[in-house]
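Below is one structure, written out as structure tokens, with a few remarks after it.
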2 protein chains.
Amino acid sequence: MTTEEKIFNAARIVFQKKGFAGARMQEIADEAGINKAMLHYCFKNKQLLFQAVFMNAFGQLAPQINAIFNSQDTVFDKITKFTHSYISFVILNPYLPQFVIQEMNNNPEFVMSFMNNGNRPNPTVLIAQIEKEIADGIIKPINPKQLLLDIFSMTIFPFAAQMMVKGMIQISDSQFNEMMEERKTSVAEQIINSIKK
Amino acid sequence: MTTEEKIFNAARIVFQKKGFAGARMQEIADEAGINKAMLHYCFKNKQLLFQAVFMNAFGQLAPQINAIFNSQDTVFDKITKFTHSYISFVILNPYLPQFVIQEMNNNPEFVMSFMNNGNRPNPTVLIAQIEKEIADGIIKPINPKQLLLDIFSMTIFPFAAQMMVKGMIQISDSQFNEMMEERKTSVAEQIINSIKK
DNA sequence: ATACTGTTTAACCATTTGGTTAACAAAGGT
DNA sequence: ACCTTTGTTAACCAAATGGTTAAACAGTAT
């Protein structure tokens with residue numbers, strides 16, 4: 001592993017755990033097992049190192065989502081595939097959602113410009129398809145954007161608010177993991193169940 | 001308004017926007033229109049000022065939720081009332097969810113001790129009731145905790161991830177507000193629709 | 001061997017930041 | 001009037017923090 005990779009991985013860990021403001025360059029250096037000056041040698045400054053980490057994180061999500069949203073499947077199949085693959089992915093990267101959401105709120109202008117730069121989940125195709133299936137009588141009449149929001153909410157929220165969830169419904173780490181496994185299928189079932197005619 | 005209140009309100013604004021690590025004592029003082037030394041005169045240090053703000057924020061949520069969860073209503077009525085009143089409340093405090101979630105992740109030990117101190121939404125009664133209504137054939141057989149998580153997800157997530165949502169489904173501030181108004185009723189409908197027999 | 005290149009480090013620096021101090025003002029009690 | 005308590009401020013301080021520098025090191029070509 002190159003030094004740059006060591007730094008990047010360390011930065012990912014520290015930034016995702018502490019956020020931009022809470023992360024310390026020294027802590028990243030320690031985590032990477034190198035000198036603090038190397039951070040600046042490889043990544044100029046904190047802001048740029050952060051951007052590298054953030055864009056990488058966000059960049060992993062968008063294409064995956066778009067691939068499913070823009071496929072040839074039916075709406076029901078897309079919902080099933082999306083929830084399953086997204087939850088599977090986030091189980092492996094449990095800090096990602098909260099990280100992205102947090103930094104998006106703290107740094108909206110930067111993120112928005114990055115998103116409008118093409119690198120963004122684009123649901124327009126799916127929305128049109130939902131409207132068509134409503135017209136065809138396959139799906140009950142609902143607001144497509146609300147449906148999308150429901151899907152995102154049920155898949156992402158449990159991870160973004162992991163601590164809160166564990167505290168509220170009183171479950172251990174392992175119980176949480178079991179529930180997330182179950183959600184790989186239950187979320188899609190729940191949603192489809194409520195919108196199919 | 002007393003000086004202490006001015007500080008508290010200023011602190012609430014700054015902490016909710018920047019988080020604990022990102023907030024600056026000077027900025028809070030400026031926002032309150034007083035000298036920085038007053039912060040320490042009234043609230044000892046940053047940690048304690050933050051705790052005051054956080055506990056107040058969290059303390060507003062818990063009792064409201066418990067009142068509904070432990071009432072004499074049916075499960076369907078509880079879901080309807082909860083989503084409606086929670087969304088109404090959060091529309092007036094849109095920074096609250098993200099703030100609570102963020103600081104919970106960054107400071108789990110503190111929050112957990114605070115929650116276990118009684119000050120916590122307690123869903124045990126509601127869970128038992130859901131199990132009963134399943135046994136009675138009113139509700140389809142589902143995992144009650146998953147149902148709770150679905151409810152929390154659909155109500156809280158759009159506010160917690162406000163920026164992300166606006167960017168993803170491409171809506172303006174006013175469209176967002178309209179959607180949240182609509183969600184006061186649509187969320188409960190969606191959920192009840194999917195679980196009623 | 002020597003010079004040259006990119007890599008890595010220890011020591012250092014400037015600024016920011018949370019926090020303190022000491023003086024000052026305003027109010028209240030005697 | 002005078003003293004005590006409470007509220008408020010400007011100036012200051014020590015630690016933390018992001019960032020820089022100059023020297024050492026390692027590999028490579030000459």
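The chains referred to below are lettered A, B, ... by the order of the sequence lines, with proteins before strands, and numbering in each begins at 1.
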- Query: When the distance from CD1 of B:Ile34 to P of D:dT9 is rounded to whole Å, what number comes out?
  - Reply: 7 Å
- Rounded to the nearest Å, what distance is computed from the CG atom of residue B:Leu48 to the P atom of nucleotide C:dG18? 14 Å
- Query: What integer distance in Å separates B:Phe43:CZ from C:dG18:C1'?
  - Reply: 16 Å
Would you be so kind as to tabulate the donor-acceptor pairs closer than 3.5 Å made by side chains of residues 190-197 of chain B, with sequence neighbours excluded?
unit_1   : atom_1 : unit_2   : atom_2 : d
B:Gln190 : NE2    : A:Ser194 : OG     : 3.1
B:Asn193 : OD1    : A:Lys140 : NZ     : 3.4
B:Asn193 : OD1    : B:Lys196 : NZ     : 3.3
B:Asn193 : ND2    : A:Ser194 : O      : 3.2
B:Ser194 : OG     : A:Gln190 : NE2    : 3.1
B:Ser194 : OG     : B:Ile191 : O      : 2.9

- Kindly say if A:Thr3 contacts the phosphate of C:dT7, meaning a side-chain N or O under 4.0 Å from OP1 or OP2. no
Solution key, residues 87-96 of chain B side-chain donor-acceptor pairs under 3.5 Å, sequence neighbours excluded:
unit_1  : atom_1 : unit_2  : atom_2 : d
B:Ser88 : OG     : B:His84 : O      : 2.8
B:Asn93 : ND2    : B:Phe89 : O      : 3.0

- Starting at atom CZ of A:Phe50, determine the distance to atom P of D:dG19, rounded to an integer number of angstrom. 14 Å
Might you list the N or O atoms of the protein lying below 3.5 Å from N or O atoms in nucleotides 10-13 of chain C, with each pair's distance?
unit_1 : atom_1 : unit_2  : atom_2 : d
C:dA10 : OP2    : A:Asn35 : ND2    : 3.1
C:dA10 : N7     : A:Asn35 : ND2    : 3.3

- Query: Tell me: NZ of A:Lys46 to C1' of D:dT17, nearest whole Å?
  - Reply: 8 Å
- Message: For B:Phe99, run the ring pair (Phe, Tyr, Trp, His ring centres under 6.0 Å) check against B:Phe54, B:Phe58, B:Phe20, B:Phe15 and tell me which one passes.
- Response: B:Phe54
- Rounded off to whole Å, could you give me the NE2-to-C1' distance for the B:His40 and D:dC12 pair? 14 Å
- Query: Is the closest side-chain donor-acceptor distance between B:Asp30 and B:Gln26 under 3.5 Å?
  - Reply: yes
- Within this structure, what is the CD-to-P distance between B:Gln26 and C:dT16, rounded to whole angstrom? 12 Å
- How long is the line joining CE of B:Met25 and C1' of C:dG18, in whole Å? 7 Å
- Measure across A:Ser153 and B:Arg183 and return the closest heavy-atom pair with its distance rounded to 0.1 Å. OG-NH2, 4.1 Å
- Task: Would you classify B:Met38 as touching base, sugar-phosphate or nothing, given that sugar-phosphate means primed atoms plus P, OP1 and OP2, and contacts are heavy atoms under 4.0 Å?
- Result: base
- Query: Quick one: is A:Arg24 getting a side-chain N or O under 4.0 Å of the D:dG18 phosphate, OP1 or OP2?
  - Reply: yes
- Have a look at A:Phe152 and tell me which of A:Tyr86, A:Phe82, A:Phe157 forms a ring pair (Phe, Tyr, Trp, His ring centres under 6.0 Å) with it. A:Phe82
- Would you classify A:Ala23 as touching base, sugar-phosphate or nothing, given that sugar-phosphate means primed atoms plus P, OP1 and OP2, and contacts are heavy atoms under 4.0 Å? sugar-phosphate
- Just by distance, with hydrogens left out, do B:Gln175 and A:Lys145 show a side-chain donor and acceptor under 3.5 Å apart? no
